[in-house]
Amino acid sequence: MTLEEYILNHIDEEGEQLSRLSRNAHVNLLRPRMLSGHLQGRILKMLVRMQRPQRILEIGTYTGYATLCLAEALPENGEIHTIEIDDELEDFIRKQFEDSPLKDKIHLHTGDALDIIPQLKGTFDMVFIDADKRLYSEYYDLIFDKVPVGGIILADNTLWDGKVLEKPAAADKQTTGIQNFNEKIKQDTRIEKVILPLRDGLTIIYKLDHGHNENSKN
Ligand SMILES: C[S@@+](CC[C@H](N)C(=O)[O-])C[C@H]1O[C@@H](n2cnc3c(N)ncnc32)[C@H](O)[C@@H]1O
């Protein structure tokens, strides 16, 4: 047994719907590895339990796997908005949400997050950035003022398969995008930040009060 199998054997199960969704994605979709999966999904749910956000924004829906995990722990009147640019995924995603008892809490927006985010009203206590790796810094700038003090921003894939350690080829805009985002987050004194070496790297960002992060290296 691998350590990963041991972990999955000793944490909450993902549940019937999510395991069906995952199997379905592996049979029918390209790049099923993009979905969060059992362990990360349970961690996302736990973070919602701990933070108790009323409103969540997810950037990059893909199958809706993480959307459903985040929605599981939302409080009574909580809601999650999720944005997906690929309209060919819309039927698949809507079917997952329709099959869920959480469907009334979930709002799917089909289109480019760069266009949709400025149109979204209100604030988001938690944001999960998980779309185009080249655009992480742009997403961050767009959502920052929509996150209240004390809010959490999560960013997935911030270790990018270890490629963050390498000098990327000129054409590798995804690695450059993640490296630039990580540098930007490092320099930003308005937040506290930590990178969890979970899967492909999950950055957790906490928005401070006006503030200056005294633990910051800068
Ligand atoms: C890694 S997958 C998301 C996985 C999902 N969050 C999960 O954890 O299960 C990234 C998704 O972002 C979408 N995407 C890429 N650029 C986007 C953009 N500018 N706006 C909205 N979605 C985008 C892609 O089409 C893809 O489906």
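Counting convention: from 1, in listed order, for ligands and their atoms alike.
- We find that Lys163 and Asp161 are not joined by a salt bridge, their nearest charged nitrogen and carboxylate oxygen being 4.0 Å or further apart.
- Cation-pi check for Lys207 over Phe144 is met; the charged atom lies under 6.0 angstrom from the ring centroid and within 45 degrees of its normal.
- Every atom of ligand 1 is numbered from 1 in the order shown, and the set under 4.0 Å from a heavy atom of Tyr65 is 9 (O).
- Rounding to the nearest 0.5 Å gives a distance of 15.5 Å between CD of Gln40 and NZ of Lys45.
- If you number the atoms of ligand 1 from 1 as listed, the ones under 4.0 Å from a heavy atom of Met34 come out as 1 (C), 2 (S), 4 (C), 26 (C).
- Only the backbone of Thr61 comes within contact range of ligand 1, with a heavy atom under 4.0 Å; no side-chain atom does.
- For a threshold of 3.5 Å applied to N or O pairs, the pair formed by Asn157 and ligand 1 contains no separation below that value.
- Residue contacts with ligand 1 include Gly111, since one or more of its heavy atoms lies under 4.0 Å from the ligand.
- For atom 15 (C) of ligand 1, the closest heavy atom belonging to the protein is Asp132 N, 3.6 Å.
- Of all protein heavy atoms, the one lying nearest to atom 4 (C) of ligand 1 is Asp130 OD2, 3.2 Å.
- Taking a cutoff of 4.0 Å between a charged side-chain nitrogen and a carboxylate oxygen, Lys105 and Glu79 do not qualify as a salt bridge.
- Residue Lys133 has no N or O atom closer than 3.5 Å to an N or O atom of ligand 1.
- In this pair, Phe181 and Tyr140 present their aromatic rings perpendicular. The plane angle is above 60°, beyond the 30 to 60° band.
- Taking every heavy atom of Glu58 and a limit of under 4.0 angstrom, the matching atoms of ligand 1 come to 5 (C), 6 (N).
- By the 4.0 Å N-to-carboxylate-O rule, Glu72 lies close enough to Arg42 to be salt-bridged with it.
- At least one heavy atom of Asp112 sits less than 4.0 Å from an atom of ligand 1.
- Nearest protein heavy-atom neighbour of atom 26 (C) of ligand 1: Glu84 OE1, 3.5 Å.
- If you check which protein heavy atom lies closest to atom 21 (C) of ligand 1, you get Ile85 N, 3.4 Å.
- Using bins of under 30°, 30° to 60° and over 60° for the plane-to-plane angle, the ring pair His81/His109 lands in the parallel bin.
- In the model, Gln96 has no side-chain atom that pairs as donor or acceptor with a side-chain atom of Tyr65 under 3.5 Å.
- On a distance-only criterion, Ala131 and ligand 1 share no N/O pair closer than 3.5 Å.
- For ligand 1, one of its N or O atoms has an N or O atom of Gly60 under 3.5 Å away.
- A donor-acceptor pair is defined here as one N or O able to donate and one able to accept, closer than 3.5 Å; no such pair exists between the side chain of Thr61 and the backbone of Thr63.
- When each of Leu39, Leu159, Ile204 is paired with Leu198, the side chain to side chain contact (heavy atoms under 4.5 Å, CB included) condition holds for Leu39 and for no other.
- Between Ala113 and ligand 1, at least one pair of N/O atoms sits closer than 3.5 Å.
- Using 4.0 Å as the threshold, Ile83 has a heavy atom nearer than that to some atom of ligand 1.
- Enclosure of atom CD in Glu90 by more than 12 non-hydrogen atoms of other residues, nucleotides or ligands within 6.0 angstrom is indicated.
- Checked against a 3.5 angstrom limit, the closest N/O atoms of Ser36 and ligand 1 fall inside it.
- Residue contacts with ligand 1: Tyr139 is placed with a nitrogen or oxygen under 3.5 Å of a nitrogen or oxygen of the ligand (distance criterion only).
- The pair Lys184-Asp141 counts as a salt bridge, with a side-chain nitrogen and a carboxylate oxygen less than 4.0 angstrom apart.
- Contact annotation: for Gln40 versus ligand 1, there are no heavy atoms closer than 4.0 Å.
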